[in-house]
Every structure is written in C-alpha cells, then in structure tokens.
Amino acid sequence: MNKPFKPKITLFHCINSFNESASLSLNGANNVEIKTVRLPCSSMVKDVFLLRSFESGADGVLVLVCPEDQCRYVEGSIRAKKRVGWVQNVLDEIGLDGRRLSIRNTSSGNGATTDKILQETVAVLTDLGPNPAA
Amino acid sequence: MKMEHMSKLEQILSRGEFAVTTECGPPRGADSEVVIKKGETLRGYVDAVNVTDNQTAIVRMSSISACTHLLNIGLEPVMQMVTRDRNRIALQSDILGAYSLGIRNILCLSGDHQIFGSQPDALNVFDIDSMNLIRTVKTMRDEGKDMSGFDLKEPPKMYIGAAANPFADPFEYRVIRLAKKIDAGTDFIQTQCVYNMERFTEWMRLAREEGLTEKVQILAGVTPLKSVGMARYMSKKVAGIDIPEAITKRMGEVPKEKAIDEGIKICLETIAQLRDIKGVSGVHIMAIEWEEKVGEIVESAGLLPRPL
Amino acid sequence: MIVGEQKPLAEIKEIVGPYRKLLILGCGTCVKTCFAGGEDEVATLASALRLIFKKEGQNIKIEEFTIERQCENEFIQEASEAIGRNDSVLSLACGAGVQAIARRFAKIPVLPGVNTTFIGVLESQGVFTEECSGCGNCELAIFGGVCPITRCSKKLLNGPCGGSRHGICEVSPDTECAWQLIIERLEALGQVHNLRCYISPKDWSSSNSGGPRRLVREDHII
Amino acid sequence: MPKKYHIPIKTAEPRFRPIGKYATIEFREDCAGSCKHCVKKTCIYGIFKENYEHFSTMDEPEYLYNCQSCFRCVQECTRGIFSRVIDPDYRTLGDHYWRPDVIHRLWYQAHTGKIPVSGAGYRGPFAGAGFDSMWTDMSEIVRPTRDGIHGREYINTCIEISRRLTPLTFNQDLTLASEVPKILEIPIPLLFKLPPNLILNKSILISAAKAAQTLGTMMFIQPEDYTEALLPYSENLIPSLTRHNFKDNVDLIHKSRVVELEYAPDIDESLLKIRELKPDVIIIAGVPLDTHQATRALKLAHTEIDTIHFYADECGQELNSQDPRFLKEMIREVHLVLVDHTIRQKINLVFSGGIAMAEHMAKAIICGADGVVVDNPLLIALECRLCYRCRDGLSCPVELEDAIDPEWGGQRIVNLMGAWHSQLIEVMGAMGMREARRLRGEIGRSMSFEALEMENFGPIFGERKVAGFR
Amino acid sequence: MKSKREIIELPKILPVRSRFRNTMAKYIIRRNSRCTSCGLCAELCPYEVHPRYDIYSRPIRPKDHKCLGFSCRENDFFCVKQCPEKALTLSLNPLLETLGDYRWTAEMLLGHWEMAETGDLPMVNLEYNLGNSGGGFDKIRFKLAHPKDYLDISDEKIDTSVQLNKRHDGRPNKTISIPCYGGGMSYGSTALAVMVGRARAAKRLNTFTCTGEGGYPLELLPYDDHVITQVATGLFGVREETLLFTPIIEFKYAQGAKPGLGGHLLGDKVTPEVAAMRETVVGNALFSPFPFHSVYSVEDHKKHVDWVKEINPRVLVSVKVSTPTDVDMVAVGSYYAGTHVVHLDGSYGGTGAAPDIAKKNIAMPIEYAIPKVHKFLMEEGVRDRVCLIASGGIRNAMDVAKAIALGADGAVIGTAELVAVECVRCGNCESGRGCARGIATTDPELGSMTTEEWVEQRIVNMYLAWRKQWCGLLRQYGLSSIRELVGRTDLLVHLDYLDEQERIKYRPAPREQLVI
C-alpha cells in the first residue's frame, strides 16, 4: 500500500504577521497536515523549538514572520531569520536537509500569500520526502 | 630494506657488536677548544659521542656546532635535539643543517623543563613532542618530505635515536612508550642510567616479550658516581633517576677518598651485568663533566678495542 | 570570561558514538554567556543529537541538565544523580569544567562538547575578542591597558613590528594592531613616554610555561 | 436556625498548565548570560525557575504562566532584553462573552475554591452592557447589617423549587386547611446543566452529579445521558423530558424528585400525566427565552408547575430574535409580569444562559429570578478552554474526551460553586441582607447605569445623546 | 472668599530618577550594530534620549521614555533621520498593551511616572488625563473656555488651597495648600518608607496624609501635624494617645473598593512589627468587621464623633463613607453628627486587597455621588458648613478638577501617590511577599527598594505637576482660586450628552479594546 505522502508541517507564526482566519482555510487543505504555534513575536522562535518540531515528527517547519521593517519589536523578524539560518545549518549537518525549514515574511492578513507560501513548502517537502528522523 | 649505512654507530650496532657511546656537554662559552679537548680524551674509546642540547636547560654552545667540532677531529657525534626550545620550523631546519654538516646520528628528546635551568623565566616551546620529532626525522629520511609534506631535495639520512627511562612511573607504561617510540621510527635507544638492575632487567624482559629488542638497539645508560652526595642528590633531585638504597649505602660506607673508585667499580659491575642481559646492544656512558674517566671505564670493562 | 564554542555536530556525534545513555551537562557561567553551553545550547544540542540518532536508527538516550558552574564542587554535586543515571557525560563547559567533572566521577567518561577558545571580552553583540592569555604577571599598566602579549600576534613588548599597516596587523585584516592601540591609548592618556621605555624580556615562569599553575590563598585555608 | 451551610472546599490542582495572561519576550542573543542578580533568578514569583524546569521537556514554546506582571524583569534586566506581551493563547481564549479574564477567574476558583481577591482598584470599563450596567447597593451605617463570610451570623442562601402555596387557608379551629405540598429547598440559588454542545461524557456527568450531590443542588440531565452509573445521584438529577418521551422514561420519573418538562402549548396534559405517575414529583417547565416568554410565564404560573426554567443562549441572548435582548431585561420582564398579576409568589423562576460569574447570580436574583442554572462554568471548572474545537470534531486541548477522575472533577465544580457562594454572601453582607429569597426582585437595592446617569448627570448635562456604552 | 493674590511658596522640584535601570516608555528607540559610536545622536537630541558620558566611548542604551516619538520627525534633530549609519529605529512600544487597564491606562501611568520624576508635565505626547473606561470622568470634559476669560497671572498667585473646617466651631481652621490629601494606607499594607515618605511629602506640600487603620508608627511623629489618624472598624492600632495629638481623625465607615466589607490584611503581611502595632498575632490574616459594631444608627455615629471631640478639643473630624444609593442621607447625617469633613469614597477606589466582585459591583462610582451629595447638602442649606472631599477613582489632576467642579471641595488621592512611586497597578499588593516593586509590602527585602526621601520627592513632584495643570485650567476660566471652581458644573460637558458637532470639539477618550 503506497499512501500518497501528506507532509506534516509545523507552522510557527507571529500573531502580528499572520491572520488566524486565513490559517483556517489552510487547515482545510487535504494535502497537508498543519500544526500551528502562535508566537507573540517571531523572536520567540528558539533554535530548540524548531528542532523539537522535527523531533515530534514534522516533515517541515515553516516560520512566518513580519517583514523586517514592520516588526513591532524592531528586531524580532531579523532575529528569527538568523536563528532559522542557524538551524538550517544544523539540519544540514544532521542530514535532514536545511530546506525542510524555511522562513518567510508575510504581512498581516494576506491569506493569498500565505496559501502560496504553503503550497511552495508542500512542493519542497514532497520533493524531499518524509522526515527520516520522524 | 637495503640501505647504505647511515653512520658508524649504525654499522656497529647492525653488525651486532656491543656498542659504546658516551656524552659530551658543550661549554657555557664560545670556545671550541673545550669541545675539541673533551673529544680528544675520548678518541678510540667510544663509537659515538652524544652532544647534549642545552642540557638541563642551561645555555650552552649549540649541539650542532659542538657536533661539528667533534666531526672535525674525526669523532662521530650523536646530535641530541630537544623540542623545548625550538618550534617545528627551527627543528626541521636544524636537522637539515646538521646533516649538511655531516652529522648522521640524532637523539630525539623533549628536553628538561627550563624551570631547572639557568633561565626559568623563559617561554618554552614544546611545539611538538619527542615522539613527533622522531616521526618527523623518519619522514624526512625515508619519505624525503618535511612536516608540511614538501619534497626535500636531499633528505637527511639520519640514524634516529631516542631516550627511554625504565625507571620512571608508571612502570607498566614505560614499555608501551618504548614501543610507541619504535613505531615512530626510532633506530636505537639510549636509556636513563641504570642503578636499579632489578627494575631494568624486568623492563628488558617486558621489552623482549613485546619483541621490541628485535626492532631496536638498546644502549643502556650508566653513570659513575663520584660520591655518596652525588648519589643522594641524583636520587632526590634529578627527575627519573632511581638509585637503590643499597648503592647509596655502598658509596657511603667507603672512605671519602675511595668514593671515586667505588663509583667506578659499581659502574663496571653494572656494565658487566648489562652485557649479560639479552637485548642490550651496548652501553651509553654518561660521565657528567667527567669525560676523562670514560676511557678508563671502557678499558676496565674490557670493551676495547673499539671496532673501526 | 572564558569563551568557548560548541564543537561541530559531526565531531560530537563521533565522540559520543560508543555510549548508549548520554547526559548533556551545561554550565551556567562563562559558556552560557558566550552561547556555547547554557540551558538553551544544551537543549538545542540534545535535540539535534536525538534527531541524528533517530535518523540513523540508533537508540541513544539523552538527558539534559545544567548546573550553575561546572568548576565548583557544590554545583557539580547537584548533577551527580543525573550523571549516575547515564553512562557518559558530554560536558558543555570549558576545559576546566570538563576536568572538574571528570575528576569527581572516576567511572564515567566525560566528553568535551565545547572548544575552549580563550579568555575574552564580549566586544559587541556576538563578537568575542581575546584579551588575556593569563600570563600570571600583568603588565597592562605600562601598555595603557592593551595587552601586547595577547593582542600582538608576535607578543612584541617593545613596539610594533614592521608589519603593521593602517592599524591592522599583518596576520589578518580582522586583527587590529595591538601596538597601534597601545600608542593611541598612551597618547590619549598622555603617557607616550612609556613607549620610550625599554621593556625587558617577559618572565614566563609565572605563565603556563612554568608548568601547571596553582594559586593558594593561605588566608582562605583553615 | 438551620445548620450552617458549609461547602467542602479542597484545592484541586489543574491537570494542564492553565493559559496565563502574560508572556515575556526575551532577546536571548542580547543576554549577558550570567548576571549575579539576573532577573530570572530574582523574580519574586519564581516564574523563570519553573520555566527552566520544564525547558527540557517542552515540545513547543511555553510562556510564563504565573507572571504577575510586576514588570521588574522588564525594568531591571541589565541588558533590557525583556519585553512583555499578552499570551496569544490567552487573547483567543473563549469569546466575546466568555472573556479570557472570566475563564481565567473561573479556573482559579475551581482550583482553589477561593474568592478572587486582588489589590488596586477596579480595572475594567466604567459600565457595560448587560449585567455590567448595574451596581448593587450597600449599607452604610444607618442600617443593621451582617458580617458576611467572616462573621458569625448566618446568611441564608436557600431557595425553593417547589411551588409555594399562597395564601394558606385555615379551618375553624385554626388548623391548616390547605394541603401543604412537600417543600423542596436547595441551599444555594443555582442548579446545574451541562452544556449540550461541548464535550459531554460519562465521567463529566458523574463529576457534575457528584458536585450537585455535595452541594445539595440538582442537575438537569437528558434522559439519554442518564446511565446506570448516575443512579447513585438520582436524588440530585432532574431528567429533562418532553411530552413525547416522558412515557418512555417512566422509571426515571419514579427515581426522581424533580423532572423538567419541555414547554409545549399542551404542557398541562403532560404535566397531569406525570403527576399521575408520581404525584409528589416536582415539575419544572423548560421554556425558551424568546418573545413569548412573558405570556408563557403567565400561563404556566396558573398551572401546577413548580418552577419555570427559562433558558437563553449561551451568551444570555434572547433566542430566535432579530434584535435579541439580554437575560437581565428578560428576567425583569418575566418577574414583573408575574408580580403585576400577583402570582409571582407561587412559582419559582430559574434562568440559564450566560451566567458566567458569581455577580451574575446575584444580579439575576435582584432582577427577579429565584435562582440561576449554571452551564458553561461547569465545564470551565474542568479546565475547558471554550475553544470549540470539539464542535469541529478536533481533539480537546485538555483531553476532556478522555475519562477524568470524578473525584477531582466533582471537587473542581464544588470549589467553583463554593467560591460563588462566598461571593454571593459578600454581596449580600454588604447589602445587609440575610436571605437570598429576600434579594429576589429587590431592584431598589441596586443601581442601574441609566438611572444614575439620569438622576445625577441629567440635571447637569441635560439630555443624553448617546445610547449604550463606549 | 477671594484670595489675596499673594505669592504662594511652593516646595522645590528636584528631579528623581526611577529606581529601575530600564524605563518603560511609549516609544522604543533601538540602536543596532551598524552604530559606530559617532555620538551624533547624543549631540542632536535635546531631550537626552541618547545620553553619553564624556569619558565613555560607547553609546548608552537610549532612554526611550524621553523620546518624543513620531512627532519628532519634523525636527531637524530627529536622530533616526540624521544617523549616518541608519542605525536607529523608532517604533511604538508594544509593551504598552500589557501595562495598565481601562481606568489607569498605560499612558496615564507613564505620564505620572514622568511627572514624579521631573515635577513637570511630560514632553512626550501621553494621554495622562483621560482613561479608557468609557464613562464618568473619562467622558466628562471642561467646556471650551472663552479667550476673554483668560486671567494672566502666574501660577504662584493662584490659590489652590482648601479649607477643611467650615463649621466655625472654634476648632482650628486647617487649610491645605493643594486640593488633595493622601488616602489612608495602613502600616502593614505599605512599606514603612512609603508611609513615612508620604507624610514627608504631605508636610512639604502643606497637606495631609492618613494612617489607615493599622496604627500610628513612631516614625511618623516628626510629621504629626500632617498626619490624619484613621479610626476604622477593626480599631487596629487605635490608641488614645495618638488620638490626642492628631490634627484630624478620620472615621472610616466603608471603603469604596469594598463597600460593605471590612478591611483585609493577608496573613503574609502581618509581620512581627505589624502584629505588635495592631496587637494581633504574626501571620494571621486580619479582617476588619463591617461596620463599627458600636454604630448601628446615625445616633450611634454622633456618639462616636462626640467621643473623639471630647478627647481632643483641637481635632477635626472626617467621616469616610462609601457611596450607597442613599449616600446623600449618609452625608447629611454625618454633618449633623458634627463632622467637619465628609469624605465620599467611590466604588472604583483602590485597595490593598478586595474581592474582585466587590470592587466591580458594589456601590456607585464617585462621579455620581459627588453631584448627588453636593446637591443634597445645598438643598439642606449646609453645603458651606462642611468640607466635601471625594475619592475613589480620582486618578489625575483633571479628575480632581472635575470632581471639584461637580461639587466637591477637594479630593483624597491614594493610587496616584503610589503610581508616583512607580506602582504598575499589577494588583498583587496582597499576594505572597506583597508588592514586587517594594511599595505595598512588609517584606523587609522588598521594602528596602524604596527610601523615604525618594518617595517624598516623587510625590511632591507629582503634585507640583498637577498644580501646574490646575493653575492652567483656572486661568482659562478667569478663576484665581480653586475654591471658585467648586460646584461649577456649568463648566463641564459630558461627551455622551453632546450633539455630534459639539462632541468633535473635545478630545475623545482613548478607546482601545483591552485584554484584561
């Protein structure tokens, strides 16, 4: 039995960058399983949270943050980006492939963009296959 | 491997003859005559003369130049080289230079810590240790490459020696270390001076068991004692020397003026015993600042004449 | 503070490879400050290792624990239970911490997870610079507060070498010429005359060249 | 004097970490790392310590749940790395009516059984819609009053749910002529009804039934939920029947002291039939609060119904209405229409829908209810977050779909109700009231926003041009 | 009574820094790693947002609370624009949404901290006069003044004093120089340094502070002319000797935050010192009964008043009551019982600990009670023989002025004084070790966060800033004394009672939806 691969994505998002109602439509999509983690600011993404998402079985992790010049905490998005970059390297070292983790800037409430980002992520993950460490 | 003989010492040892080497400390001055004079007193008695390298971290004439002076008067020097004072750049360059001057034997040492010498305030180097120095010389000689992997135009064909101290602790490790030095490329070993025959015998036994005596020539070190004071001093203050109480006692029991003779007697007895131990290929007589007695000892030990 | 850097994952993986139960032990002092071995790093490293082992199908249990300081018995003791539960310890402390742990627990391999780099200063966010070599005999007073022994690539004591250009050391364009800094400082302090002083060779016996050092405060010993 | 009513409060820890109000944001990279007096070490509430303890086990970000918002970490951190936000999960807790602070307080009360007490003044809006547009009165020095929960004097919170007989008639020899039906009293003016559109399972039912038993009150229950396991609590259960299904549940009627009968135009017929089955059963009519409530109330008052249970939606809104009124107004309407027809005394009124806080209970009674029926708070006591995921068939974040320990669950509900009871006594004590029954309809002992504005601001500012609040 | 236009001597303003390293501010200004420490921002900013020590080569973290924010954009010293490295970023501080509440908004807190620090009104555009409560004072505004009414006199010539004894009964005619005095906060509820600091401030400002019901600590003796002794229902710490020398005795019948309930001091706060003062047991929670068990009628009340008047022939009597529906009757009853000051405590007042249900629901807000009582006393013809003081939800200078215009003579201030000493209104006064910020605590370690001098000067500064506001207001209406403002409801408007086109002329109140 070869079930089609349905990627599990953990979505970290800054509550300021991403409209909750938009996420509902994404949850409805049936080619992907999404677990969302709301962050009051994307700077709360710690390295370990990203790694733990993979540990708990995510095939991919997507971090949605505000555009860099729109962060309410000024530096949050930049920090998030740096941390993600760091963890991408760690994932490469682990052999999980850093592409499983991505960070994107979205401005609040733009559901169409987030949908597109998500589909792109799904495409990348379909390419990479399931998380080998899951 | 067919190989031309690298040095006289190598030639003698490889023939299985009981070799005799001794030691010559360069002067704390620039006068070559001192070296030449010491060399002259040794002529005909020994197969090769170790020239120490700033022994006990006291500043002296460099080993390379003293070796050159001995070469000039026809003696075969064993150039001692310590890693304390030179980094790998200097060590390698000195080896090349020494070889170019005709020096063919090298004894690779770490060197005494400068804290005991004339310059305790010096910055030590210890860039590489003696084991690595052995390996370096070996690589230079056999592969013609320096440490960086650069191909040397004329590789230095050095006969490589190393020191071994059977009397240091932990005892069990001493043979392991010997084996490691042999692995690194040692051709011959000169040991710390033997007073504790029991321990030395045991060490030799272990070395034989490991098959090390097949791979390397071992020259046991001896040092004639001058007095009971010297015995006590060496026992207490000099790192790695083990003088059994019995020997100190024996030195103490003779009158002061007889002490020298008694020392030499002990030395000769030791040599005799050493000659009986399987795997001992020669003796290394370290008569510290007492080179004139070497000839006497060699003669009395019945080790003359020396082969050519 | 002591600055360290976490070893590459591949190396850590290699050294912990033989063990089945691993404690990753963090240290909450210097290495925490330089983000090499505090709680966060312990958690991250543990997570990364778990992922590696899971991916390779190995079953290695990883526990996490962080103590205040690994170089002090009172704190080490707090870790003893956790250490007892495991068959190896990966210490994320500086070399001193690793050894302090090792000497307390004779039967458990203690592995270093951090490369202890130097004694340094948090220069700016994320930038650490080496400022002291611990030579045991501080002479910063005459050098206007800039240490040539540590910060001059050649340890020169009597002025800059010929390799200094535009205040940058010949060794690397990232390295400021310590002597340039010394000169500037002394100028600002009005102590340029110091530059004319002859500085005699450094007495290295107080440094590591004199063998491992030991500091005894008699007044603290009873 | 009856035995003092006592509610056995016992701390019942939450099973899940409750969602706290605040989270801190820290820019870790800016941390100097090991300050001797690191604010994380010196937090007087120790919240960071706890955070570290679960650092190694967490699988997703955790916020600082017990933050008391003193801002010292924000203000004292050497590097100023802290900022504070409202926990996004707290923000989205509940809905516009069941606000996060309401849920949070309910959790606290269910946990500790204590009245929420805090320092500083009231922090909310000046006034608001619904129950927030009224204040209760208090008694200064000119009226005798009681000591409230700390005092010696007993404040009675009993209400009846059996029909009252008025007036009494007497024989010539002054013996009682009227047949006095059995009186059924409950010691607190509230009943239970588990919300039907959230998770409902056996262990939750038992928890609530157990709590009802401990408190001496009663719980409405659908006959299909009435399983064998609930039999030990039959004294405290009120099966909710309809005219269609009561015949199938004759055994339940026999087991029960009280049954509820869904309103229907021909309710009297069903009523009589039930009475035939069990003559002394007390019958509560279940009536939706829609535009017909007043006429229905009047109609039912003239039947043999003991109590009417009016229900609004879960936010206290009128049902089936374009412009829904709030519970408060509807209680007033029903109460007053019965008063006007001098029949209010005979019947009891209980209301459900939107009773979210202890003050709602007190205010509903002041508006004219005898008691209230509690719904959502029962589940909130069991840690429900009102996330409504269960309605979409998703998993419950506090795992209510799995069996919970009824001991624990019962205690949580008892605690919550105990806290409500204490608060009711606080309010009544302040008013100088000794009996919950006398509080009913005492609108004169309350103040409404509109009246206060008109009375005190009217002479100064003239006519009000803006209706409503904010 | 027209004031004589004499120069009034005011206490000195001294800048008093926050006790905390990091200030909270409306704006955040951040400097990133591109900064080269050139020092231009430090040179440019006239508000010292970018302080720089001459001898220190690195820039110090910006002092956000001094930053003017976005309104600075027009200035040529706008650092963000001028920075050659573009290393500075300015934004609104999201922290503010977690600070404050509907009644005390974040900006009101920040504004008062700033006043307490500088003795002046904040430079930053903070809304410190209006809360977000959507009613009461927050909807009441002073009418737009006619320019011709403007009275061009200096602050020093404006009289802000209030006469406390209007009975002409031969007792001292106490006058306070500002229309406010400090509310009762007991020994045990606040740190001793705060209590003494408040008394020192009261002395400097020539006004009063009140002991609360926890007794009279000896540390207050040097300021005894400015300390009101409270006699509350628990009679904690009440001794005859303190009643003998006190200038004013306040009978506390009820407290606005918990009307109808007694005082409540949690066990944790009952330290040995507090227990000794109150003659109780260490660690035991203290509940005051409600009401006075000796007072169940207005006659009993009169007996009470007569008792203290008998003991102390110089004392003035204040009666602190809450705001039930019949507050007007209570007030007039008190007057006839012989009180000098009728003190109404509205339902939204502060407290050290009260059930949330009581704070929110019991009794009426002070905004209603003042006109109600004022009107009733007028009708009774006794208004000019009693001093009517309002409290409970009076947060700032404009609230005080509005209260006076509604009919009060003055106000009692509690929370605002604590805010001046950096209270954040977190509401944890009662829990555990008490106030984490060292204000309302008896924990010795936390209590040591404040000193008397610091508290004193912060409070003095805040009131002096308030006075500036009052003077500005009075001038606009051509008034030279705050006493002329009493009952001038004609100067007030309420936004909800105005037509749309009238309403837009007034400043709208903040109306954010807060998460509470």
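Just so it is clear, the values below take in all heavy atoms, side chains as well, and ignore hydrogens, waters and symmetry mates. Chain letters run A, B, ... following the sequence lines, proteins first and then strands; every chain starts at 1.
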Which residues in residues 110-130 of chain E have any heavy atom lying under 4.5 Å from a heavy atom of chain A?
-> none
Pull out the residues in residues 90-97 of chain E that come under 4.5 Å of chain A, heavy atom to heavy atom, sorted by number.
-> E/Ser91, E/Leu92, E/Pro94, E/Glu97
Residues in residues 72-84 of chain A near chain E [non-hydrogen atoms, under 4.5 Å] = A/Arg72, A/Tyr73, A/Val74, A/Glu75
Which members of residues 27-52 of chain E, sorted by number, sit under 4.5 angstrom from chain A on a heavy-atom basis?
-> E/Ile28, E/Arg30
